[in-house]
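Keep in mind it's a predicted model, so treat the numbers as computed, not measured. Order of the sequence lines sets the chain letters (A, B, ...), proteins ahead of strands, with each chain counted from 1. Quick note: numbers below take in every heavy atom, side chains included, and nothing from hydrogens, waters or symmetry partners.
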There are 2 protein chains.
Amino acid sequence: MANFPFQRLQTDLAALIEKTPAGQRLLSEPKLAQKLGVSRATLREAMRTFEAQGLIRRRQGSGTFVVGAVQALDSGLEVLESLETLAQRIGLEVSVSNLSVDSIVADESAAAALDIPLGAALTRVRRVIHAENRPVAYLEDTLPASALGANDLPKDFHGSVLDFLLSRGDLLTSSRTNVSAIAASSDVAKPLQIQRGDVLLHFSAQLFNPEGKIVDHSLSYFIPGYFRFHIVRRVGNGG
Amino acid sequence: MANFPFQRLQTDLAALIEKTPAGQRLLSEPKLAQKLGVSRATLREAMRTFEAQGLIRRRQGSGTFVVGAVQALDSGLEVLESLETLAQRIGLEVSVSNLSVDSIVADESAAAALDIPLGAALTRVRRVIHAENRPVAYLEDTLPASALGANDLPKDFHGSVLDFLLSRGDLLTSSRTNVSAIAASSDVAKPLQIQRGDVLLHFSAQLFNPEGKIVDHSLSYFIPGYFRFHIVRRVGNGG
DNA sequence: AAACTATAATTTGTCAGACAACTAATAAAC
DNA sequence: GTTTATTAGTTGTCTGACAAATTATAGTTT
């Protein structure tokens with residue numbers, strides 16, 4: 001639980017930055033450290049990560065300021081949040097269809113993606129996300145059966161495996177997401193009610209727990225236009 | 001400029017991580033701090049940023065390890081770097097063709113993208129990037145003429161406006177990049193030698209200077225497969 | 001000899017305190 | 001009223017220390 005000061009601190013600090021108006025100054029580091037219950041050194045480590053993401057800006061002698069990018073937190077790629085949450089923030093009502101939960105065994109690609117042995121028991125969750133009664137995304141999650149059994153999902157499953165894992169208390173730290181564009185295969189085109197070959201934005205992500213184990217491999221296919229993903233990139237110091 | 005230990009440290013550490021084979025352990029923090037001439041606290045702040053980018057992995061009691069697999073043209077989206085720099089880092093040769101530099105005036109969309117008045121003087125740079133003698137990306141930069149004149153680019157321009165601005169000493173802080181997927185228009189398909197309607201990964205980015213002014217609006221079109229863009233996403237706390 | 005166990009050494013995680021460098025507001029001097 | 005010192009506040013960095021976790025080592029037992 002709270003045995004990882006840095007992790008708790010990172011979520012606390014993210015919440016604080018999120019609710020702070022752009023341009024406003026944060027508390028000074030000593031005060032903030034005391035308020036959040038960590039040392040100033042630990043606080044500064046966390047601040048560096050947010051500074052690298054462009055969410056805050058620090059000026060020696062002056063203070064730490066929230067940079068005008070509340071939008072970056074809302075729909076930015078820096079934070080992994082469920083599609084439901086994102087869609088709601090944009091003002092779209094979402095629903096789920098074509099939900100299927102299967103027990104399968106790991107083939108070569110699944111074993112590689114999840115870093116587990118061939119033939120291991122897996123759970124695969126597939127569904128289509130609708131916004132305004134139109135299909136907008138096709139999602140496929142593959143997890144070790146030890147992480148999610150085929151019967152674990154509740155009857156009122158809303159469509160977000162991530163939200164379910166979090167609500168269950170699973171500790172999840174980060175995800176590595178590959179961004180690409182592909183043409184829709186017939187498998188994806190059919191549930192999305194589009195033509196085979198139509199353009200899709202494609203995410204392939206691995207979700208990690210604190211031990212570094214991969215607990216979920218997800219494939220996401222987005223019909224362009226409904227979601228806008230953006231990211232604040234730091235200019236590299238030309239190594 | 002070398003009066004900022006953290007900045008120098010970040011480049012030094014990046015170089016060290018880069019030249020360290022995947023999976024290998026780094027020196028312990030006390031030794032590394034001494035070797036790089038900073039305190040352990042400062043070193044740890046820098047390490048956090050690289051850990052957040054997924055370049056290293058730290059295990060208490062064990063050590064800090066370089067996480068591997070920089071295959072193909074694999075680039076973390078957290079840092080903005082030119083394709084040239086990226087390719088050079090991986091040891092790939094890139095070339096430029098179809099280079100055109102035009103002086104234009106701001107139409108409505110350009111004015112909005114650059115946050116400048118209608119009719120302002122602009123410079124537009126367009127070119128095709130080749131890797132291994134194949135076209136892999138189409139790039140279009142639009143800048144205020146005050147930031148880049150049509151005749152400012154050197155004759156041996158390699159294709160990266162970003163690199164040129166940096167080499168000229170311009171101060172640039174961050175970029176806001178929108179990620180999408182589109183079908184190739186005929187304008188883009190022709191120089192890329194693909195069919196109209198083929199799938200492209202599309203970035204639309206605004207480049208900011210320290211004052212928050214937009215100095216460049218760039219459109220990038222990537223043929224899928226040649227580049228792999230990834231991002232490490234922090235798990236949100238659900239708000 | 002092999003396997004298990006307790007101990008020690010190493011490494012990262014966190015904390016506390018201190019001082020320097022820088023900024024901005026305030027008081028003093030002209 | 002303007003300029004100059006002064007002062008308080010903030011971030012940047014350093015030193016040292018201890019806790020927690022891992023790994024290596026020596027010892028013991030089987």
Side-chain angles (χ1 to χ4, degrees), chain A residues 1-13 16-17 20 23-67 171 173-174 208-213 234 237, chain B residues 1-14 16-17 20 23-67 171 173 210-212 234:
Chain A
M1 273 101 50
N3 255 355
F4 304 99
F6 182 83
Q7 283 189 20
R8 185 184 23 140
L9 172 62
Q10 210 168 31
T11 62
D12 289 352
L13 214 123
L16 191 148
I17 292 175
T20 301
Q24 188 169 321
R25 211 191 68 183
L26 294 179
L27 285 177
S28 70
E29 291 180 355
K31 291 176 183 174
L32 200 53
Q34 183 182 3
K35 178 181 175 183
L36 297 176
V38 295
S39 74
R40 198 182 150 216
T42 303
L43 173 67
R44 281 182 60 82
E45 291 187 21
M47 297 258 258
R48 281 288 188 202
T49 68
F50 288 97
E51 185 188 29
Q53 292 179 10
L55 297 176
I56 58 176
R57 178 171 167 77
R58 311 154 89 190
R59 284 202 293 256
Q60 185 174 352
S62 179
T64 301
F65 301 84
V66 176
V67 69
L171 289 179
T173 56
S174 65
F208 294 90
N209 69 6
E211 288 88 42
K213 286 281 178 70
R234 185 183 89 248
N237 7 355
Chain B
M1 274 305 258
N3 255 354
F4 304 102
F6 182 83
Q7 284 190 14
R8 185 183 13 141
L9 172 62
Q10 210 168 30
T11 62
D12 290 351
L13 197 60
L16 192 147
I17 291 174
T20 301
Q24 188 169 321
R25 210 193 69 183
L26 294 179
L27 285 176
S28 69
E29 291 180 354
K31 291 177 183 173
L32 199 54
Q34 183 181 1
K35 179 181 176 183
L36 297 176
V38 296
S39 75
R40 196 180 152 219
T42 303
L43 174 66
R44 281 183 59 82
E45 290 188 21
M47 296 260 257
R48 280 287 188 204
T49 69
F50 288 97
E51 185 189 27
Q53 292 178 15
L55 297 177
I56 59 176
R57 172 162 168 70
R58 313 153 87 191
R59 283 200 294 255
Q60 184 173 352
S62 179
T64 301
F65 301 84
V66 175
V67 60
L171 290 179
T173 56
E211 289 87 40
R234 193 180 74 256

Using nucleotides 15-17 of chain D, report all nitrogen or oxygen pairs with the protein that are shorter than 3.5 Å.
residue, atom, partner, partner atom, Å
D:dA17, N6, B:R40, NH1, 3.2

* What residues, two or more places apart in sequence or in another chain, satisfy side chain to side chain contact (heavy atoms under 4.5 Å, CB included) together with A:R59? -> A:R57, A:S62, A:F65
* Asked: Reckon A:T42 has a side-chain N or O less than 4.0 Å from the OP1 or OP2 of C:dC15?
  -> yes
* Write down the distance between CD (A:Q60) and P (C:dC19), rounded to a whole number of angstrom. => 17 Å
* Nearest whole angstrom, please: distance from the P of D:dG12 to the CZ of A:R57. => 11 Å
* Asked: Which parts of residues 24-37 of chain B get close to DNA chain D, meaning a heavy atom less than 4.0 angstrom away?
  -> B:G37
* Asked: Quick one: A:R58 CZ to D:dG9 C1', roughly how many Å, whole number?
  -> 16 Å
* To do: Starting at atom CG of A:L9, determine the distance to atom P of C:dC15, rounded to an integer number of angstrom.
  => 9 Å
* Taking all heavy atoms of A:L43 and all of A:A33, pick out the closest pair and write down the distance. => CD2-N, 3.7 Å
* Derivation of the side chain to side chain contact (heavy atoms under 4.5 Å, CB included) call for B:R40 and B:M47 -> CA-CA 10 Å; B:R40 196 180 152 219; B:M47 296 260 257; over 6 Å; no
* Got a sec, which residues hit side chain to side chain contact (heavy atoms under 4.5 Å, CB included) with A:L16, two or more places apart in sequence or on another chain? -> A:T20, A:L26, A:L32, A:K35
* Structure fact -> Residues passing the side chain to side chain donor-acceptor pair (under 3.5 Å) test with A:S39, sequence neighbours excluded, are A:T42
* Asked: Taking atom CZ of A:F50 and atom CD1 of A:I17, what is their separation to the nearest 0.5 Å?
  -> 5.0 Å
* From A:R48 CZ over to A:I56 CD1, what is the distance, rounded to the nearest 0.5 angstrom? -> 9.5 Å
* To do: Please state how far atom CZ in B:F65 lies from atom C1' in D:dT23, giving the value in whole angstrom units.
  => 10 Å
* **Nearest-angstrom distance from the residue atom CG of A:L43 to C1' of C:dA16** => 14 Å
* Choose from D:dT23, C:dG13, D:dT13 the nucleotide whose nearest atom is closest to any side-chain atom of B:R44. => C:dG13
* Residue-phosphate contact under 4.0 Å: B:T64 side-chain N/O, C:dT11 OP1/OP2 -> no
* Asked: Rounded to whole angstrom units, what separation is found between the CZ atom of B:R59 and the C1' atom of D:dT22?
  -> 9 Å
* To do: Name all residues meeting the salt bridge (charged side-chain N to carboxylate O under 4.0 Å, His left out) criterion together with A:R44; count only those two or more places apart in sequence or in a different chain, and write none if there are none.
  => A:E29, B:E45
